[in-house]
Amino acid sequence: VGRRAPVKVFELIAHGSRPDISASRSSGRYADALNAYRNRDWNRAAQILDDLLKAHPDDAPARVLAARVASYRAAPPPASWNGVYAFDKK
């Protein structure tokens with residue numbers, strides 16, 4: 001709320017000098033889901049996120065994106081949608 005331009009958000013997925021292989025695989029699948037979301041492929045995005053959440057039920061970003069996918073499946077955004085989600089409250 002209050003911003004007009006998109007802001008990139010990043011998630012820390014590893015601590016220390018050794019990356020977590022499981023986190024790395026999960027982030028790759030999340031990227032696949034995000035790509036499907038941006039391409040309006042709601043069914044593919046939902047399937048990937050479903051699989052991710054079965055393996056990692058505490059994955060908050062995956063839960064948030066899954067909720068957005070479900071919302072857009074029910075009421076798709078306009079044709080002019082550019083993949084950006086606009087918050088309507090803080």
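For reference, positions follow the sequence shown, starting with 1. Predicted, not measured: the structure shown is a model, and the values here were computed from it.
With 3.5 Å as the limit, one finds a donor-acceptor pair spanning the side chains of Q47 and D51.
Side chains of Y37 and L49 form no contact here, defined as non-hydrogen atoms less than 4.5 Å apart.
Formation of a donor-acceptor pair under 3.5 Å by the W42 side chain with backbone atoms of A45 is not found in this model. In this structure, N39 contributes its side chain and N35 its backbone to a donor-acceptor pair below 3.5 Å. Between the side chain of R40 and the backbone N or O of G83 there is no donor-acceptor pair closer than 3.5 Å.
Nearest heavy-atom pair across Y72 and P77 is CD2-CD, 3.5 Å. Smallest separation of non-hydrogen atoms from D59 and L53: O-CD2, 3.7 Å.
The cluster map of Ile, Leu, Val, Met, Phe, Trp and Tyr, joined by side-chain heavy atoms under 4.5 Å apart, puts I48 and L65 in different clusters. Follow the hydrophobic side-chain contacts under 4.5 Å out from L34 and you reach V69 in the same cluster.
Evaluation of the salt bridge (charged side-chain N to carboxylate O under 4.0 Å, His left out) test over residues 61-81, restricted to residues two or more places apart or in two chains, returns none.
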